[in-house]
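Nothing here was measured: the structure is a model prediction, and the numbers come from that model. Numbered from 1 within each chain, the chains take letters A, B, ... in sequence-line order.
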Number of protein chains: 2
Amino acid sequence: MTTTEFNTWQSVQEEVLRRINSREWKPGELIPNEAELSLEFGCARATVNRALRGLAEAGLLDRRRKAGTRVTLHPIRKATLDIPIIRHEVENRGQAYRYSLLSRTLREPPPDIRAKMQLPAGPKLLHVQALHMADAKPHIFEDRWINQHVVKHASNAEFSTISPNEWLVINVPFHGGDIAFTAVGANAREAEILNCRAGEALFVIERNTWNDQGVISTVRLACAPGYRLHTGI
Amino acid sequence: MTTTEFNTWQSVQEEVLRRINSREWKPGELIPNEAELSLEFGCARATVNRALRGLAEAGLLDRRRKAGTRVTLHPIRKATLDIPIIRHEVENRGQAYRYSLLSRTLREPPPDIRAKMQLPAGPKLLHVQALHMADAKPHIFEDRWINQHVVKHASNAEFSTISPNEWLVINVPFHGGDIAFTAVGANAREAEILNCRAGEALFVIERNTWNDQGVISTVRLACAPGYRLHTGI
DNA sequence: CAGTGGTCTAGACCACAAG
DNA sequence: TTGTGGTCTAGACCACTGG
C-alpha cells in the first residue's frame with residue numbers, strides 16, 4: 001500500500017477538501033474521527049484537528065463532540081469584508097483624499113438615533129457631519145453621533161482635520177458592533193452634498209460600535225453613486 | 001509576586017486584548033515574543049501561539065518571523081457576511097418562501113457578461129431569470145448565466161422548482177469567487193418584476209464563482225426596496 | 001456512561017527575513 | 001547569521017453530549 005504522506009495541516013486540509021468536493025464524503029455524511037484520520041494520514045491528531053477546525057470555521061464541516069464530524073449539508077458561504085479607514089480606502093486606490101467638516105454640534109439626538117444607541121431621552125450627544133472626497137469629488141457623506149459620555153475625550157476632538165471615522169478607530173477601542181448595508185434614494189441634503197440627483201440610488205452603510213461602557217457611536221455613511229463594495233470568497 | 005495563571009488560550013487572548021485596549025501595549029509597539037509570554041503566563045508556547053494567531057487573523061496584531069509581533073497601527077476591522085441560500089434566508093425570518101422561474105434560455109451572452117466570465121465570443125450559455133418571493137411579495141430578482149461547458153449537468157436542470165441559486169450550491173462545489181454590492185436605480189424590467197417604481201433604489205449583489213475548470217456562473221441579484229444586509233463585527 | 005472533539009504540554013525542527 | 005514565529009509530535013486530560 002503506497003500511502004501518500006500528509007505532513008502538514010495544509011496538505012491534510014487539501015486532501016479533506018478534495019474528498020468533500022469529489023463527493024467521496026457526501027454532504028451530511030459522517031467522516032472518520034480525528035484518531036482514525038491521523039492514523040490514515042500518518043500524522044499527529046493535532047495536525048488533523050488543525051486542518052478540520054479550519055474547514056469547520058469556513059462552514060464546510062459540522063463538528064460536535066461525541067457526535068463526530070459531518071460534511072455540512074448546505075454550506076453557508078462566508079465572505080469577509082475589510083472595513084478600512086475611509087482615507088486609506090481612497091488612497092489605496094491611488095486617488096487623492098480630502099476631508100471636509102460640515103458641522104459639529106452638541107445636541108439631543110432624535111428618537112430613532114436614541115433607539116439605535118439604546119439611550120434614554122435627555123442627554124446631549126456629539127453630532128458630526130463630514131464629507132470624504134476622492135480626487136476632489138464627493139465620495140462619502142458621514143453622519144455620525146458620538147456618545148461623549150462613554151468617549152469622554154471626544155468632547156475635545158475638533159474633527160477639523162481628522163475625520164471622526166479615523167479619530168475613533170485610532171483613539172477608541174471597541175468590543176463589538178454591527179453593520180448594515182442598504183440602498184436608498186438620496187434625499188435633498190444628501191443629493192446636494194454628494195452632488196447627485198435627489199432620489200438617485202445611494203449605497204448606505206450604517207454602523208454601531210460599543211464597548212463595555214455602552215454604545216460609542218452610530219454612523220450613517222452615504223456613498224456617492226457608483227460606490228461598489230467588493231470582496232473575494 | 002502574585003502571578004495570575006493563564007491556562008487556556010482564551011484567557012491568554014483576553015489578557016493580551018486587555019493590554020492592547022488599555023494601551024499597555026501601544027499601537028505599533030513590539031510585544032514580547034512567544035517564549036517570554038509563555039513564561040510570564042505560565043503556559044506552553046503553543047498556547048500563546050494559538051491566542052496570538054487569533055488576534056493576528058482579526059487584524060489586531062502584525063506578526064512576522066524574526067521581526068516579532070506588533071500591535072497593528074490602524075486595525076482593519078473585518079466583518080464576516082454569511083451568504084446563505086435565499087430560500088433559507090427567507091424561511092429563517094419566518095416568512096413564506098416562493099420561487100418562480102421567469103425564463104430559461106440557451107444563448108450567446110452579451111459582451112459585458114462574456115468579459116465578466118472571461119470567455120471568448122461564440123459559445124452559448126444558459127441564461128436563467130427567476131424571482132424569489134417572501135410572503136408572496138417580490139424579494140429578489142435573480143439574473144444568472146451558467147457556464148454549462150464547465151457545469152455539464154446544468155443542461156439537464158430545469159430550475160422549475162428549485163432555483164439556480166440553490167441548485168448550484170448543492171450540486172457544484174466551487175473553489176473561489178467574488179462578490180460586489182452596489183446600489184442602482186431599478187430599470188423598467190426590474191421595476192415591473194419587483195413591483196416598485198422605475199429608478200427606485202435597489203440593493204444589488206453581483207457574484208461570480210469558479211472552480212479549476214473556469215468560471216461556473218455569474219449572477220446579479222436585484223433585491224426589492226428595503227432590503228437590508230447586516231452582520232456583526 | 002463513553003466516545004468525540006477541544007485543548008495543553010514539553011520538546012523539537014523548520015522557514016523566513018532582518019540585520 | 002540568527003532570532004522569531006510556524007508547525008509537528010506524542011501523550012495526556014478535559015468538556016461536552018449522544019445514546
Side-chain angles (χ1 to χ4, degrees), chain A residues 3-20 25-73 75-76 78, chain B residues 3-20 25-73 75-76 78:
Chain A
T3 308
T4 314
E5 283 294 317
F6 296 96
N7 302 317
T8 70
W9 68 265
Q10 288 95 335
S11 67
V12 170
Q13 194 172 75
E14 272 175 33
E15 171 62 11
V16 171
L17 203 50
R18 190 191 63 74
R19 294 187 186 182
I20 294 174
W25 289 339
K26 301 183 182 59
E29 203 171 283
L30 202 60
I31 76 174
N33 68 31
E34 293 188 348
E36 291 168 337
L37 287 177
S38 68
L39 204 60
E40 176 191 344
F41 289 146
C43 64
R45 184 165 79 91
T47 306
V48 173
N49 181 282
R50 178 81 154 89
L52 298 189
R53 192 202 317 150
L55 295 174
E57 282 168 5
L60 277 88
L61 292 177
D62 276 336
R63 320 195 70 198
R64 266 151 53 200
R65 282 161 156 134
K66 166 76 182 179
T69 300
R70 291 179 181 279
V71 179
T72 304
L73 214 45
I76 294 183
K78 282 161 193 187
Chain B
T3 308
T4 314
E5 284 293 316
F6 297 96
N7 304 314
T8 69
W9 68 264
Q10 288 95 335
S11 67
V12 171
Q13 194 171 76
E14 272 175 33
E15 171 61 11
V16 171
L17 203 49
R18 190 192 63 73
R19 295 188 186 183
I20 294 174
W25 290 339
K26 300 183 182 60
E29 202 171 282
L30 202 59
I31 75 172
N33 67 33
E34 293 188 350
E36 291 168 337
L37 287 178
S38 68
L39 204 61
E40 177 190 345
F41 290 146
C43 66
R45 183 165 77 93
T47 306
V48 173
N49 181 283
R50 179 80 155 88
L52 298 190
R53 192 202 318 150
L55 295 175
E57 282 168 5
L60 277 88
L61 291 177
D62 275 337
R63 319 195 72 201
R64 268 152 55 201
R65 282 163 155 130
K66 168 73 181 180
T69 300
R70 291 177 180 281
V71 180
T72 304
L73 215 46
I76 294 183
K78 282 161 196 196

Using a 4.0 Å heavy-atom cut-off across all strands, classify R53(A) as base, sugar-phosphate, or nothing. nothing
Should R70(A) and L61(A) count as side-chain neighbours, where that means a heavy-atom distance under 4.5 Å? no
Can you tell me how far apart CD (Q13(B)) and CZ (F6(B)) are? Round to the nearest 0.5 Å. 12.5 Å
DNA chain D-proximal residues of residues 8-20 of chain B, any heavy atom under 4.0 Å: none
Say you draw a straight line from CG of L73(A) to NZ of K26(A); how long is it, rounded to the nearest 0.5 Å? 13.5 Å
Can you name the residues that form a side chain to side chain contact (heavy atoms under 4.5 Å, CB included) with E36(A), not counting sequence neighbours? P32(A), N33(A)
OG1 on T47(A) to CG on N7(A), rounded to 0.5 Å: 9.0 Å
Contact between C43(A) and V12(A) at the side-chain level, heavy atoms closer than 4.5 Å - yes or no? yes
Between G68(A) and N49(A), just flag the one whose closest nucleotide in DNA chain C comes earlier from the 5' side. G68(A)
Trace of the side-chain contact (heavy atoms from CB on, under 4.5 Å) decision for W25(A) with V16(A): CA-CA 9 Å; W25(A) 289 339; V16(A) 171; 3.7 Å; yes
For the residue pair E40(A) and L37(A), establish whether any side-chain heavy-atom pair is separated by less than 4.5 Å. yes
Heteroatom pairs (N/O) under 3.5 angstrom, protein to nucleotides 17-19 of chain C:
unit_1	atom_1	unit_2	atom_2	d
dA18(C)	OP1	R64(B)	NH2	2.9

Using a 4.0 Å cut-off to any heavy atom of chain B, which nucleotides of DNA chain D are the first and last in contact, reading 5' to 3'? dT2(D) to dT7(D)
Taken in chain and number order and not counting sequence neighbours, the residues that satisfy side-chain hydrogen bond (donor to acceptor under 3.5 Å, both in side chains) with T72(A) are none
Could you list all the salt bridge (charged side-chain N to carboxylate O under 4.0 Å, His left out) pairs where at least one residue sits in residues 48-67 of chain B, not counting sequence neighbours? E34(B)-R63(B)
To the nearest Å, give me how far apart CG (L52(A)) and P (dT4(C)) are. 14 Å
